[in-house]
Amino acid sequence: MPLVCLTDFQAYAQEHLSKSTWDFIEGGADECFTRDDNMAAFKKIRLRPRYLRDVQEVDTRTTVQGEEITAPIGIAPTGFHCLVWPDGEMSTARAAQAAGVCYVTSTYASCPLEDIAATAPRGLKWFQLYMQPDRQLNKQLVQRAESLGFRALVITVDAPKIGNRRRDFRNQLNLKMNLLLKDLRSPKERNSMPYFQMSPIDSSFCWNDLSWLQSISRLPIILKGILTKEDAELAVKHNVHGIIVSNHGGRQLDDVPASIDALTEVVAAVKGKMEVYLDGGIRTGNDVLKALALGAKCVFLGRPVLWGLAYKGEHGVEEVLNLIKNEFHTSMTLTGCRSVAEINQDLVQFSRL
Ligand code: FNR
């Protein structure tokens with residue numbers, strides 16, 4: 001049977017991945033309330049279609065940080081792709097390049113950045129950084145990413161400590177994952193160390209440290225994980241170039257708002273001074289349309305990309321991306337939007353349910 005929606009890929013992945021890998025991907029923090037709310041919150045928003053417009057030509061293209069992409073849909077950073085498919089992030093990067101979308105590569109990639117850059121040299125790639133306690137290591141990572149052609153730095157702010165992922169605790173997953181990390185080791189160590197302790201994320205990193213990052217790199221800085229107007233205003237004050245409204249797919253702090261529910265507050269606070277993106281719970285083309293209507297410039301997919309990778313590697317990720325791009329094209333056509341610029345908040349209303 002063909003896979004016709006993103007949740008079909010989810011079912012396939014659940015059936016074919018080991019229990020511990022499946023649990024790692026699907027799991028949320030604590031009771032998984034926010035993970036599930038990310039999806040449920042989209043269902044409280046209804047669409048207000050406009051008809052009798054000429055929709056023979058519908059153009060899904062847009063830009064992020066000045067670079068053109070084929071649709072406002074990208075790949076969120078997720079670690080350890082080699083758990084899911086042998087050449088992991090290299091397959092993901094090639095699929096993103098073929099689909100013409102932005103791929104945000106994680107600090108916890110299981111392939112070296114050099115290999116990822118070499119396998120998809122024309123694809124738009126951003127590098128996600130978990131600040132490491134060792135400043136020198138951060139500097140090396142940032143400068144390596146910059147010299148390899150990554151076009152922006154995504155600093156994840158919602159993980160000064162890893163959330164309580166009960167499923168991973170039960171499966172005692174850590175050792176296996178540590179072995180997959182490559183970019184946090186020196187080149188000499190990369191192939192020789194039998195055991196590597198994953199270094200903790202720097203929990204002392206704060207607003208004033210952003211100027212240090214700005215001093216070592218010319219790349220635009222995007223903060224991932226902002227959920228409040230207060231932090232959005234601070235992001236403006238500190239001259240960052242973008243925000244990804246995100247709750248880490250509900251994997252960090254449980255009981256925070258669904259990403260789509262936090263979006264409006266952040267968009268209002270930045271007053272158009274930077275691009276705002278969203279990830280969390282995007283599963284259909286209509287979800288993409290709703291996020292754009294509420295002010296997101298682009299959305300990013302986390303788990304669905306891993307489901308595609310589990311299905312057929314590079315080609316599975318491409319199928320996932322093309323499927324949601326096609327759904328988004330349909331959503332635009334059926335609501336009367338001929339270009340991404342025509343998507344606005346008049347297209348949505350909040351249901352009373
Ligand atoms: C993540 N996420 C994540 N975020 C980040 O900044 N760096 C990372 O290395 C990871 N790793 C990671 C692994 C896995 C298995 C998942 C599911 C998620 C969070 C990710 O970027 C994104 O915020 C969410 O996945 C978005 O929600 P959906 O699309 O999965 O609902």
Side-chain angles (χ1 to χ4, degrees), residues 6-7 9-10 13-14 17 20-29 32 34-42 73-85 88-89 92 102-111 113 126-132 141 152-160 162-163 165 167-168 171 173 176-177 180-184 198-199 201 222-227 243-253 256 258-260 262-263 277-284 287-288 291 296 298-310 317 320-321 324:
L6 295 197
T7 46
F9 287 84
Q10 180 180 28
Q14 178 165 21
L17 291 173
S20 65
T21 299
W22 171 252
D23 281 351
F24 166 65
I25 292 172
E26 281 309 286
C32 299
T34 295
R35 177 197 64 176
D36 297 340
D37 199 34
N38 274 345
M39 269 91 60
F42 276 108
I73 300 166
I75 300 183
T78 54
F80 309 103
H81 290 196
C82 289
L83 282 176
V84 177
W85 191 259
E89 287 81 4
T92 311
C102 176
Y103 166 36
V104 188
T105 305
S106 167
T107 302
Y108 290 164
S110 41
C111 299
L113 289 179
W126 293 353
F127 177 63
Q128 176 266 328
L129 179 64
Y130 280 131
M131 292 301 299
Q132 304 295 305
L141 277 170
L153 288 178
V154 174
I155 310 298
T156 301
V157 301
D158 60 10
I162 298 296
R165 315 222 179 118
R167 293 185 189 193
D168 294 347
N171 294 329
L173 194 66
K176 191 173 166 194
M177 308 218 316
L180 286 172
L181 290 173
K182 298 276 191 317
D183 287 320
L184 299 178
M198 193 149 98
S199 58
I201 298 166
I222 294 159
L223 300 183
K224 173 175 181 282
I226 299 285
L227 289 172
I243 285 175
I244 305 180
V245 174
S246 167
N247 51 41
H248 217 110
R251 295 161 76 81
Q252 282 298 107
L253 181 62
V256 297
S259 307
I260 192 69
L263 179 64
Y277 317 108
L278 172 137
D279 76 26
I282 299 278
R283 300 293 180 266
T284 67
D287 295 341
V288 181
C298 179
V299 300
F300 293 88
L301 303 174
R303 294 178 182 88
V305 168
L306 297 172
W307 305 333
L309 198 60
V317 175
V320 160
L321 293 171
I324 191 157

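The figures that follow rest on heavy atoms only: side chains count, while hydrogens, waters and symmetry mates do not. Whatever order the structure lists ligands and atoms in, that order sets their numbers, starting from 1.
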**Q** Measure the spacing between CG of L129 and OG1 of T107 and express it to the nearest 0.5 Å.
**A**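 Here the interatomic distance stands at 4.5 Å.
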**Q** Out of V299, L263, I260, which residue meets the side chain to side chain contact (heavy atoms under 4.5 Å, CB included) rule with V245?
**A**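 Single pass found, and it is L263.
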**Q** Could you list which atoms of ligand 1 come closer than 4.0 Å to a heavy atom of F24?
**A**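 So the atoms of ligand 1 that pass are 15 (C).
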**Q** Considering only non-hydrogen protein atoms, determine which one is nearest to atom 19 (C) of ligand 1 and report residue, atom name and distance to 0.1 Å.
**A**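 Looking only at protein heavy atoms, the one closest to atom 19 (C) of ligand 1 is H248 CD2, 3.4 Å.
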**Q** Heavy atom to atom 8 (C) of ligand 1, shortest distance: which of Y130, W307, Y108 holds it?
**A**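 It is Y130 whose heavy atom sits nearest to atom 8 (C) of ligand 1.
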**Q** Distance check, rounded to the nearest 0.5 Å: L278 atom CG versus S259 atom OG?
**A**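 The OG atom of S259 is 5.0 Å from CG of L278, to the nearest 0.5 Å.
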**Q** When you measure from the centre of the six-membered ring of F9, is the NZ or CZ of R303 closer than 6.0 Å and no more than 45° off the axis?
**A**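 Pair R303/F9 does not count as cation-pi.
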**Q** To the nearest 0.5 Å, what is the distance between OG1 on T156 and CD1 on I244?
**A**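 The distance works out to 7.5 Å.
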**Q** Side chain, backbone, both or neither: which part of R251 comes within less than 4.0 Å of ligand 1 when only heavy atoms are counted?
**A**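 For R251, only side-chain atoms sit under 4.0 Å from ligand 1.
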**Q** Would I282 count as a contact residue for ligand 1, given that I'm defining contact as a non-hydrogen atom of the residue lying under 4.0 Å from a ligand atom?
**A**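 I282: no contact with ligand 1 (<4.0 Å).
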**Q** What protein heavy atom sits nearest atom 4 (N) of ligand 1, and how far away is it?
**A**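 Nearest neighbour among protein heavy atoms for atom 4 (N) of ligand 1, to 0.1 Å: K224 NZ, 3.0 Å.
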**Q** What's the spacing between L227 CG and S246 OG if we round to 0.5 Å?
**A**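 The distance works out to 7.0 Å.
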**Q** Atoms of ligand 1 less than 4.0 Å from T156 heavy atoms?
**A**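 This gives 5 (C), 6 (O) as the contact atoms.
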**Q** Can you tell me the protein heavy atom closest to atom 22 (C) of ligand 1 and the distance?
**A**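 Result for atom 22 (C) of ligand 1: D279 OD2, 3.3 Å.
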**Q** Nearest 0.5 Å please: distance from the CG atom of L306 over to the CD1 atom of I75.
**A**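 Between L306 CG and I75 CD1, I get 9.0 Å after rounding to 0.5 Å.
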**Q** Just jot down the ligand 1 atoms closer than 4.0 angstrom to any heavy atom of G79, in number order.
**A**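 Near G79, the atoms of ligand 1 are 9 (O), 11 (N), 12 (C), 13 (C).
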**Q** Please report the shortest heavy-atom distance between A152 and I222, naming the atom on each side.
**A**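 The answer is CB-CD1, 3.9 Å.
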**Q** L306 heavy atoms, cut-off 4.0 Å: which ligand 1 atoms fall inside?
**A**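 So the answer, numbered in order with elements, is 15 (C).
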**Q** Using heavy-atom distances only, which candidate in P77, G27, G302, G249 approaches atom 20 (C) of ligand 1 most closely?
**A**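 Comparing heavy atoms across P77, G27, G302, G249, the nearest one to atom 20 (C) of ligand 1 lies in P77.
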**Q** Compare every heavy atom of S110 with every heavy atom of H81, then report the nearest pair and how far apart it is.
**A**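 Result for this residue pair: N-OG, 3.2 Å.
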**Q** Nearest protein heavy-atom contact for atom 27 (O) of ligand 1: which residue, which atom, what distance?
**A**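 Protein heavy atom at minimum distance: G280 CA, 3.3 Å.
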**Q** Just jot down the ligand 1 atoms closer than 4.0 angstrom to any heavy atom of R283, in number order.
**A**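 Those of ligand 1 that fall under 4.0 Å from R283 are 28 (P), 29 (O), 30 (O), 31 (O).
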**Q** With a cut-off of 4.0 Å, which atoms of ligand 1 are near a heavy atom of T78?
**A**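 The list of qualifying atoms is 1 (C), 10 (C), 11 (N), 12 (C), 13 (C), 14 (C), 16 (C), 18 (C).
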**Q** Mind checking whether Y277 and F300 have parallel, tilted or perpendicular rings, split at 30° and 60°?
**A**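 Perpendicular, since the angle between the ring planes exceeds 60°.
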**Q** Short list, please: which atoms of ligand 1 are under 4.0 Å from a heavy atom of S246?
**A**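 Atoms satisfying the 4.0 Å criterion: 23 (O).
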**Q** Looking only at distances, can you tell me whether any N or O atom of M39, backbone or side chain, sits closer than 3.5 Å to an N or O atom of ligand 1?
**A**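 Such a contact does not occur with ligand 1.
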**Q** For S106, take its heavy atoms, then give the atoms of ligand 1 lying under 4.0 Å from any of them.
**A**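 Listed by number with element, the hits are 8 (C), 9 (O).
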**Q** Once you round to the nearest 0.5 Å, how far does OG1 of T78 lie from CD1 of I25?
**A**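 If I round to the nearest 0.5 Å, the distance is 8.0 Å.
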